[in-house]
Participant: 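I'd like to ask some things about the structure below.
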Amino acid sequence: MNLYHSKNTNSLSVLKEKPFKLEKEIQTLFEANLFDLMGLEMVKSEFVIKGKRIDTLGYDPQSKAFVIIEYKRDKNISVVDQGFTYLSLMLENKADFVLTYNETLKKAIHSTSVDWSQTRVVFVSPGFTENQRLATNFKDIAIELWEVKHYENDLISINPIKKNKSAESIKPLTKQSTVIKSVTDEIKVYTEEDHLNGSSEEIIELYENFKNAILNLTNDIEIVPKKLYIAFKKNKNIADMVILKKGIKIFINLKKGELDDSKGLMKDVSEKGHWGNGDYEIIVSDTHNLEYIMSLVKQAIQ
């Protein structure tokens, strides 16, 4: 992908890429901006456990899960082998990760409050080979690839590499490796199908209507199925959906007092526990108020 500088209305010049000289530059950039870039709490840099060094250890407060981040300039490494090695390492040493989190952030979470099934590994690199992309193109693999590039004028582009919609399951390959099998038995990467299984045709159609309406609000909205809900993200969570038997519960990711709801349709859930993000929810069973609800969801887009 080329980036351009507009000199005037009729002239564009291609910005030249200025490659990172060291992996450490990429690591410093991400660690200093970890919450803004990935929505993660920064736990520890250069975390060493059982003789292995983890570049960055983060924690996802929404998923309540740890995230391991590795930075690579070398395109010859096997991201799948290394990724599953780190996932296995974490699952075998849960107490050490919890202890590090509590000691570093001066908090007190317990191992049982961490959702280990949502653990994942993220590789960050200026570029990935076609083999690396194909090797991670499984819908249920807890390994992500993020591409970062540095251009002149100190411009940075950061792009998570999305899996193909037709991506298959990695389950048939687990027989080839005991490590992969042990990890995939405990870690679960959720899909839309997981949330819609058992739903009636009416509920599936209702979900599709609201999903497409959200996706049409602006470009680059990403669907990220979680354990308890389906998230819609653009830089951060915009809205979340929970599939019910007779409807859909929609959360808007705004704090109490930030939403202009002239019709008063949304329910304030700021004082009670709930699955989605944000302080506003509504349960819909039809598309009667779809357009108005989209005007509310749009307020959460930055």
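Sequential numbering from 1 along the given sequence is applied to the chain's residues. Since this is a predicted model, take the numbers as computed values, not measurements.
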Participant: Is the shortest distance from a Lys or Arg side-chain nitrogen in D154 or K18 to a carboxylate oxygen in the other one below 4.0 Å?
Facilitator: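 So D154 does not pair with K18 through a salt bridge.
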Participant: For K256, run the salt bridge (Lys or Arg N to Asp or Glu O under 4.0 Å) check against D268, D279, D261 and tell me which one passes.
Facilitator: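 Looking at D268, D279, D261, the match for K256 under the salt bridge (Lys or Arg N to Asp or Glu O under 4.0 Å) is D268.
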Participant: Apart from V48 itself, which Ile, Leu, Val, Met, Phe, Trp or Tyr residues share its cluster (side-chain heavy atoms under 4.5 Å, direct or through members)?
Facilitator: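 Traced through the cluster, V48 reaches no other member.
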Participant: Indicate yes or no: does E46 engage K24 in a salt bridge with an N to O separation below 4.0 Å.
Facilitator: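 Yes.
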Participant: Could you check whether the rings of F47 and F97 sit parallel, tilted or perpendicular, using 30° and 60° as the cut-offs?
Facilitator: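 Perpendicular, since the angle between the ring planes exceeds 60°.
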Participant: Tell me if the CZ atom of F35 is crowded by more than 12 foreign heavy atoms within 6.0 Å.
Facilitator: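 Open: at most 12 neighbouring heavy atoms sit under 6.0 Å from CZ of F35.
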Participant: Side chains of S157 and N159: does their closest heavy-atom pair fall under 4.5 Å?
Facilitator: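 Side chain of S157 against side chain of N159, heavy atoms only: contact under 4.5 Å found.
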Participant: Side-chain donor-acceptor contacts of residues 241-254 below 3.5 Å, not counting sequence neighbours, with atom names and distances?
Facilitator:
from : atom 1 : to   : atom 2 : distance (Å)
N253 : OD1    : G278 : N      : 3.3
N253 : ND2    : N237 : O      : 2.7

Participant: With Y207, which residues qualify under ring pair (Phe, Tyr, Trp, His ring centres under 6.0 Å), at least two apart?
Facilitator: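 Counting only residues at least two positions away or on another chain, Y207 forms no ring pair (Phe, Tyr, Trp, His ring centres under 6.0 Å).
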Participant: Scan the side chains in residues 213-226 for donor-acceptor partners under 3.5 Å anywhere in the protein, sequence neighbours excluded, and list what turns up.
Facilitator:
from : atom 1 : to   : atom 2 : distance (Å)
N216 : ND2    : N212 : O      : 3.0
K226 : NZ     : S63  : OG     : 3.1

Participant: Charged N to carboxylate O under 4.0 angstrom, E186 versus K94?
Facilitator: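 A salt bridge links E186 with K94.
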Participant: Give a yes-or-no answer on whether the side chains of S45 and Q27 include a donor-acceptor pair shorter than 3.5 Å.
Facilitator: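 Note: S45 and Q27 side chains meet the donor-acceptor criterion.
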Participant: Are K227 and D194 ion-paired here, with the side-chain N under 4.0 Å from a carboxylate O?
Facilitator: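 No salt bridge links K227 with D194.
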Participant: Which ILVMFWY residues can you reach from L134 by hopping between side chains whose heavy atoms are under 4.5 Å apart?
Facilitator: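 None, because no other hydrophobic side chain comes under 4.5 Å of this residue.
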Participant: Calculate, to the nearest 0.5 Å, the distance between atoms NE2 and NZ belonging to H150 and K16 respectively.
Facilitator: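 Between atom NE2 of H150 and atom NZ of K16 there are 14.5 Å.
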Participant: Report the residues that fulfil ring pair (Phe, Tyr, Trp, His ring centres under 6.0 Å) with W116, sequence neighbours left out, ordered by chain and then residue number.
Facilitator: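 In terms of ring pair (Phe, Tyr, Trp, His ring centres under 6.0 Å), with neighbours along the sequence ignored, W116 is linked to F66.
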Participant: How about NZ on K234, more than 12 heavy atoms from neighbouring residues, nucleotides or ligands closer than 6.0 Å, or not?
Facilitator: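 Buried by this count: over 12 neighbours within 6.0 Å.
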